[in-house]
Amino acid sequence: QAKKKGDNIACFFTESMNEEVSRKTLLEIGLQQAHESGELTLYYQPQVNTNTGEVIGVEALLRWEHSELGRISPAEFIPLAEESKLIIPIGEWVLKEACKQFREWLDEGYELGHVAVNISSVQFQNRELPEVIGKILEETQLLPEYVELEITESVVQNTKEAIPIMEELKQMGVKLSLDDFGTGYSSLKYLKDFPLDTLKIDKSFIQTVHESEKDQAVIDTIIKMGNRLALNVIAEGVETSGQLDYLKERQCLYYQGFLFSKPISKEDVQRLLFKGRVS
Ligand code: C2E
Ligand code: MG
Ligand code: MG
Ligand code: MG
């Protein structure tokens, strides 16, 4: 009896493992053709001035509509793309697509401040990154200050390689933003040594802002520090007007979040952002 039960468990366990493996394999294979077959698209989330409601930029976010599996979250497929290094061509496509779109908007007379693009640590290890970006800027005839690269603390763990690349990008005039601040190693040294323009407070802090004084102490300190270092501070994941009020009061100048808008398609950007002022 006991043995039989054990067999069943083993069998069940193996099957579910198989399932996981095959989804992963399916996604890996799918990813390879995804951007050629048009399954990858960019959505854009507005970045907003907390006081005026003015849009100061948009962040480009990858979306993948798998033909059979439906929409796959970047939280699931970006790590796979990094593992297989596919993130290099995909990341290049993202940069190009975001810049082309921004150029198109400018040509139509719409000025959205900047477009922010997430850069994986794998892309950042690639010494050719500044050259790749330079080419894209040339092709799209965009001023470098229209582009803000979002990197995470994992990028900069490799300080020796990362700093020269960051400096090269800065010299080109591209802006640099530290994403998800507070969730990684959060070394204050990064803030001091890296040529950053922007600091993004991770959404996990914002979402608990009304839960405890400890949470508030941490947020307050990040905002103050960012302001003192003359960085633009953007709070991520703002969902309630209570959270927004808190940020305003603490002089956090910018935010992103579902409260203002979810990430939206380029068509919706035109519909929602280009029709007068949204506040
Ligand atoms: P991220 O760069 O920190 O992007 C912000 C994420 O927070 C987005 O998730 C966005 O949809 C979500 N978000 C924004 N406002 C709210 C809110 O009010 N509430 C909640 N709950 N969430 C909010 P998304 O689009 O699923 O992307 C997840 C992560 O995947 C991104 O985090 C980024 O690290 C990565 N990613 C997305 N696109 C790219 C890309 O093109 N390249 C690279 N390397 N990574 C990307
Ligand atoms: Mg980001
Ligand atoms: Mg990110
Ligand atoms: Mg983030």
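Just so you know, ligand 1 is whichever comes first in the structure, and atom 1 is the first atom listed for that ligand. Side chains are part of it too, since the values below use all heavy atoms of this structure and drop only hydrogens, waters and symmetry mates.
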Checking heavy atoms under 4.0 Å, the part of Asp202 that sits near ligand 1 is neither
Check for me whether Gly237 has a heavy atom closer than 4.0 Å to any atom of ligand 1.
yes
Per-atom contacts of ligand 1 with Val94, taking only distances under 4.0 Å to non-hydrogen atoms
41 (O)
Beyond-backbone contact of Thr198 with Leu176, side-chain heavy atoms, under 4.5 angstrom
no
Of all N, O or S atoms in Glu59, which has the smallest distance to the Mg ion (ligand 2)?
OE2
Under 3.5 Å: N/O of Gln256 near N/O of ligand 1:
no
Kindly work out whether a path of hydrophobic side-chain contacts (I/L/V/M/F/W/Y, heavy atoms less than 4.5 Å apart) joins Tyr254 to Val233.
no
Ser120 heavy atoms, cut-off 4.0 Å: which ligand 1 atoms fall inside?
44 (N)
Gln207 neighbourhood, listing ligand 1 atoms whose heavy-atom distance to it stays under 4.0 Å:
19 (N), 20 (C), 21 (N)
cation_pi(Arg71, Tyr43) dist<6.0 Å, angle<=45
yes
Considering only heavy atoms, does Glu59 approach ligand 1 within less than 4.0 Å through its side chain, its backbone, both, or neither?
side chain
Where the Mg ion (ligand 4) is the vertex, angle from Glu236 OE1 to Asp179 OD1 to 10°
90°
Checking the N or O distance criterion of under 3.5 Å, is ligand 1 in contact with Ser73?
no
Report the C-alpha separation of Trp105 and Tyr146 in whole Å, then their side-chain angles, then the decisive distance to 0.1 Å, and conclude whether the ring-ring contact (aromatic ring centres under 6.0 Å, His included) test is met.
CA-CA 12 Å; Trp105 286 330; Tyr146 282 131; over 10 Å; no
Looking at Asp180 and Lys203, is there a salt bridge between them, counting it only when a charged N and a carboxylate O are closer than 4.0 Å?
no
Do the charged groups of Glu92 and Lys135 touch, with an N to O distance under 4.0 Å?
no
Mark up the atoms of ligand 1 that fall under 4.0 Å of a heavy atom belonging to Asp179, in ascending order.
1 (P), 2 (O), 3 (O)
Does any N/O atom on Leu42 come nearer than 3.5 Å to any N/O atom on ligand 1?
no
Per-atom contacts, ligand 1 versus Pro263 - under 4.0 Å to a heavy atom
11 (O)
Using a cut-off of strictly less than 2.8 Å, determine whether Ser177 has an N/O/S atom near the Mg ion (ligand 2).
no
Step by step, work out the salt bridge (charged side-chain N to carboxylate O under 4.0 Å, His left out) result for Lys224 and Asp220.
CA-CA 6 Å; Lys224 276 208 185 107; Asp220 295 357; 5.9 Å; no
Would you say Lys262 contacts ligand 1, with heavy atoms under 4.0 Å as the rule?
no
With Pro263, the side-chain contact (heavy atoms from CB on, under 4.5 Å) member among Val58, Leu62, Leu61, Leu42
Leu61
Answer with side chain, backbone, both or neither: which part of Ile78 has a heavy atom less than 4.0 angstrom from an atom of ligand 1?
side chain
Just go through Pro74, Ala60, Ala75 and tell me whose heavy atom is the nearest to atom 36 (N) of ligand 1.
Pro74
So the atoms of ligand 1 within less than 4.0 Å of a heavy atom of Gln45 turn out to be 14 (C), 15 (N)
Output yes when Glu150 and Lys175 qualify as a salt bridge under the 4.0 Å nitrogen-oxygen rule, no when they do not.
no
Linking I/L/V/M/F/W/Y whenever their side-chain heavy atoms sit closer than 4.5 Å, directly or via other members, would Phe258 and Val238 fall into one cluster?
no
For Trp64, the option from Ile90, Ile78, Ile72 that meets side-chain contact (heavy atoms from CB on, under 4.5 Å)
Ile72
side-chain contact (heavy atoms from CB on, under 4.5 Å), paired with Ile201, selected from Ile234, Ile222, Thr183
Ile222
Under 4.0 Å from a heavy atom of Val238: give me the atoms of ligand 1 that qualify, with their elements.
18 (O)
What are the atoms of ligand 1, with element, lying closer than 4.0 Å to any heavy atom of Gly257?
15 (N), 18 (O)
Do Thr152 and Ser121 touch side chain to side chain, with heavy atoms closer than 4.5 Å?
no
Any idea which of Tyr43, Trp64, Phe260, Phe258 brings a heavy atom closest to atom 18 (O) of ligand 1?
Phe258
What is the name of the N/O/S atom in Glu150 that sits closest to the Mg ion (ligand 2)?
OE1
Is the distance between the Mg ion (ligand 4) and the nearest N/O/S atom of Asp180 smaller than 2.8 Å?
yes
Arg23 with Glu76: basic N within carboxylate O range, under 4.0 Å:
yes
